[in-house]
Amino acid sequence: MISDAGSIEFDGGSEESDHETLFDPSFWYSFSIGYVCSASGIIFAYMWFCVPWAQLKKTKRKFMSSNVGRHDIRAIKANQVPQLLLYLLLLKKGNQEVSRVLDKLRSSISFMELCRATDYFNMTNVIGTGKTGTVYKAKLSNGSKVAVKRLYDSKLFETKFALEIGILHRFKHGNLVGLLGFCTERKQRILVYEFMPNGKLSDWLHPLQNEAFPLDWPIRLKIALGLARGLSFLHDCCNWKILHFGINSEHVLLDKNFEPKLRNFRSAELMKESQKKLGKKDVYDFGVVLMELITGKKHVEMSIDFKVIDSSLLGKGFDEQISCLVKVAVDCIQLSPHQRPSMLDVYKYIERLWEGYETDD
Ligand SMILES: Nc1ncnc2c1ncn2[C@@H]1O[C@H](COP(=O)(O)OP(=O)(O)OP(=O)(O)O)[C@@H](O)[C@H]1O
């Protein structure tokens with residue numbers, strides 16, 4: 001209050017009554033609830049958004065500063081999710097982290113378009129089923145024929161889905177099956193590949209009895225060459241190695257000219273350059289496919305003589321070439337990984353066998 005003398009004085013009211021007017025109990029009650037709620041909100045938001053992205057950034061920084069990543073630093077942008085998926089896979093990150101990145105991935109083809117292309121995933125369009133999903137034959141609105149793989153359980157197969165996108169989106173090669181698009185809308189995990197009209201190599205080498213149509217030698221050599229080219233590309237394309245770890249005649253598709261296309265990267269692993277010897281598993285598996293190409297049989301002994309060679313190939317002027325390829329196959333399936341050649345050496349050798357070949361391509 002203002003005194004008669006004009007000075008300001010306190011009116012001497014008790015402390016208790018001050019509290020009653022300024023901070024009544026309901027104010028304190030709401031204030032504490034508000035305080036607790038906003039503090040926990042801030043902590044929750046930090047845990048939910050900042051921690052995972054900080055971890056992701058750390059992963060990326062770690063990759064970029066490593067010898068493996070240095071090569072590609074300039075190519076990296078934060079929004080290049082397929083690339084980022086590769087780093088995560090290279091650093092052996094788990095499903096959870098991969099899922100988080102996949103959620104950021106914008107579909108390159110809409111779910112509606114895929115529904116139309118497959119007639120709403122009609123069973124009559126199914127061309128195969130694997131452990132992870134179903135493959136449909138489909139026609140896109142631009143008229144192109146494609147194979148659409150719809151994964152069964154998105155959470156279980158996140159890493160497998162990411163591997164296919166990371167590898168096939170980033171690395172295009174004439175002997176790897178082309179990935180034309182992918183869809184992650186509504187938690188779907190769908191991959192769209194170029195359609196291979198001649199199907200799997202295994203179906204040609206081991207046909208059902210009434211469907212036998214043996215491949216001639218030039219086509220078999222062409223398949224061997226294409227596969228070796230695709231694999232040596234994977235092993236040596238960049239500063240790290242891509243190991244397929246699932247090479248077999250089931251995982252080789254043939255286009256309309258019988259050019260082989262390697263598929264199914266769902267067991268693939270990314271390795272640093274220093275882990276070179278692990279690539280020898282692919283060399284061994286390639287050797288087994290060569291044996292299948294030469295003999296037409298599924299399981300072949302380590303040593304091979306002319307008795308097991310596919311009789312439809314012999315006596316047609318290719319016997320010398322056949323025995324050269326037998327030697328390559330035997331080298332590839334040596335028990336000790338150190339004794340097996342590199343895929344690049346194998347490719348160069350088969351390329352020489354192929355030189356001067358007259359083809360109709
Ligand atoms: N691009 C394609 N063109 C033509 N046919 C294909 C194509 N992709 C797959 N197929 C066919 O669909 C079948 C099933 O393919 P899928 O990828 O599901 O098999 P998988 O290798 O057993 O896979 P998973 O890893 O799920 O076990 C293949 O065996 C093949 O016959």
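Note that ligands are numbered from 1 as they come in the structure, with each ligand's atoms numbered from 1 the same way.
- One side chain, Tyr193 or Glu164, offers a donor N or O that lies under 3.5 Å from an acceptor on the other.
- Under the 4.0 Å criterion applied to side-chain N and carboxylate O atoms, Glu269 and Lys241 are not assigned as salt-bridge partners.
- Atom CE of Met123 has 12 or fewer heavy atoms from other residues, nucleotides or ligands within 6.0 Å.
- Rounding to the nearest 0.5 Å places CD of Glu292 at 7.5 Å from CG of Asn248.
- With contacts defined as side-chain heavy-atom distances shorter than 4.5 Å, the pair Phe111/Ile190 qualifies.
- Counting only heavy atoms of the protein, atom 7 (C) of ligand 1 lies nearest to Leu253 CD1, 3.6 Å.
- Each of the following atoms of ligand 1 lies closer than 4.0 Å to a heavy atom of Asn264: 20 (P), 21 (O), 23 (O), 24 (P), 25 (O).
- Protein heavy atom nearest atom 17 (O) of ligand 1, with residue, atom name and distance: Arg266 NH2, 2.6 Å.
- Within the listing of ligand 1, atoms 24 (P), 25 (O), 26 (O) sit less than 4.0 angstrom from a heavy atom of Thr132.
- Ligand 1 has His251 within reach: a non-hydrogen atom of the residue lies less than 4.0 Å from it.
- Considering backbone and side-chain N/O atoms, Met196 comes within less than 3.5 Å of an N/O atom of ligand 1.
- Shortest contact from atom 1 (N) of ligand 1 to any protein heavy atom: Glu194 O, 2.9 Å.
- In this structure, the side chains of Leu344 and Tyr349 stay at 4.5 Å or more apart for every pair of heavy atoms.
- You'll find the side chain of Ile309 stays beyond 4.5 Å of the side chain of Asp319, heavy atoms only.
- For the pair Tyr193 and ligand 1, the shortest N or O to N or O distance does not fall below 3.5 Å.
- Judged by a 6.0 Å distance limit and a 45° cone about the ring axis, Arg150 is positioned over the six-membered ring of Phe121.
- Taking a cut-off of under 4.0 Å to the non-hydrogen atoms of Ala147, the atoms of ligand 1 that pass are 1 (N), 2 (C), 3 (N), 7 (C).
- Nearest protein neighbour of atom 28 (C) of ligand 1, counting heavy atoms only, is Arg263 NH2, 3.6 Å.
- Given atom 18 (O) of ligand 1, the protein heavy atom at minimum distance is Lys149 NZ, 2.4 Å.
- Atoms of ligand 1 lying under 4.0 Å from any heavy atom of Gly130, numbered from 1 in the order shown and given with element: 18 (O), 19 (O), 20 (P), 22 (O), 23 (O), 24 (P), 26 (O), 27 (O).
- Between Arg220 and Asp310 there is a salt bridge, since a side-chain N of the basic residue sits under 4.0 Å from a carboxylate O of the acidic one.
- Within the listing of ligand 1, atoms 3 (N), 4 (C) sit less than 4.0 angstrom from a heavy atom of Phe195.
- Taking every non-hydrogen atom of Gly128 and a distance limit under 4.0 Å, the qualifying atoms of ligand 1 come out as 12 (O), 13 (C), 14 (C).
- A tilted orientation is assigned to the rings of His251 and His244, their planes being inclined by 30° to 60°.
- In terms of protein heavy-atom proximity, atom 6 (C) of ligand 1 is closest to Ile127 CD1, 4.0 Å.
- For ligand 1, the polar-atom distance check against Thr129 finds no nitrogen or oxygen pair separated by under 3.5 Å.
- Every heavy atom of Glu250 sits 4.0 Å or more from the atoms of ligand 1.
- In this structure, CG on Asp285 lies 13.5 Å from NZ on Lys280, to the nearest 0.5 angstrom.
- Geometrically, Arg229 does not engage Tyr347 in a cation-pi contact, judged by NZ or CZ lying under 6.0 Å from the ring centre and within 45° of the ring axis.
- The shortest N or O to N or O distance between Val135 and ligand 1 is not under 3.5 Å.
- If you number the atoms of ligand 1 from 1 as listed, the ones under 4.0 Å from a heavy atom of Lys131 come out as 24 (P), 26 (O), 27 (O).
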